[in-house]
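One structure is given here, and the rest of the page talks about it.
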Amino acid sequence: QVQLVESGGGLVQAGGSLRLSCAASGRTFSTLTMGWFRQAPGKEREFVSACSWSGPITSCQDSVKGRFTISRDNAQNAVYLQMNNLTPEDTAVYFCAARQGGRSTRRSDYGDWGQGTQVTVSS
């Protein structure tokens, strides 16, 4: 089992940036695929981005493409999500997730989840 703790959420104005962090413990971090998902009020949890040893993948949704960048630091057992040019539509709870195996965009493929961090973007 992997323990995940997110941080870096908060309130930001539209057009601003935030960098989310996720600290992992409990397993060999470098072997894990790490993902970011988000869940807005009344909506399903959706894939944002993921990164494994073979490199990153990011949602093809126009809503995040080109604005969000995932990165990881295996020495620090951490994964990050840099979010730029935020809009009110990005308001959601952002979750870090981990899985053994390759990159995946499917929520059901991830077995370990953090508690989430709230991101609120004001207009």
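Model, not experiment: these values are computed from the prediction. Numbering of residues begins at 1 and proceeds along the displayed sequence.
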Can you list the steps and then say if Gln118 with Thr91 is a side chain to side chain contact (heavy atoms under 4.5 Å, CB included)?
CA-CA 8 Å; Gln118 175 71 47; Thr91 295; 4.0 Å; yes
Can you find a pair of side-chain heavy atoms, one from Phe29 and one from Gln76, that are under 4.5 Å apart?
no
Below 6.0 angstrom between ring centroids: does that apply to Phe37 and Phe47?
yes
For the atom pair OG (Ser7) and CD (Gln115), what is the distance rounded to the nearest 0.5 Å?
13.5 Å
Nearest heavy-atom approach of Asp90 to Asn85 is OD2-O, 4.4 Å
Using side chain to side chain contact (heavy atoms under 4.5 Å, CB included), reason through Glu46 and Glu44 one step at a time and then give a plain yes or no.
CA-CA 6 Å; Glu46 65 175 357; Glu44 294 290 318; over 6 Å; no
What are the two closest non-hydrogen atoms of Leu86 and Val12, and how far apart are they?
CD1-CG1, 3.6 Å
Is any side-chain heavy atom of Thr33 less than 4.5 Å from a side-chain heavy atom of Ser104?
no
Where do Tyr110 and Ala50 come nearest, in terms of heavy atoms and distance?
OH-CB, 3.4 Å
Taking C-beta and beyond as the side chain, do Val93 and Thr117 meet within less than 4.5 Å on heavy atoms?
no
OH (Tyr80) and CE (Met34) are apart, to the nearest 0.5 Å, by 11.0 Å
Within the 4.5 Å heavy-atom criterion, are Leu81 and Ser49 side-chain neighbours or not?
yes
Flag side-chain contact, heavy atom, 4.5 Å: Arg99 against Leu32:
no
Residues in side-chain contact (heavy atoms from CB on, under 4.5 Å) with Ser17, at least two apart?
Gln82, Asn84
Leu20 vs Met83, test: side chain to side chain contact (heavy atoms under 4.5 Å, CB included). Steps then yes/no.
CA-CA 8 Å; Leu20 305 183; Met83 306 185 295; 3.7 Å; yes
So which heavy atom on Cys96 is nearest to which on Leu4, and how close?
O-CD1, 3.6 Å
Six-ring centre of Phe95, Arg107 cation under 6.0 angstrom, axis tolerance 45°
no
Can you check side-chain hydrogen bond (donor to acceptor under 3.5 Å, both in side chains) on Ser30 and Asn74, steps first, answer last?
CA-CA 6 Å; Ser30 61; Asn74 289 339; 5.2 Å; no
Kindly give the heavy-atom pair with the smallest separation between Arg38 and Ala92, and that separation in Å.
CB-CB, 4.0 Å
Between Asp112 and Val2 the two heavy atoms that sit nearest each other are OD1-N, 3.3 Å
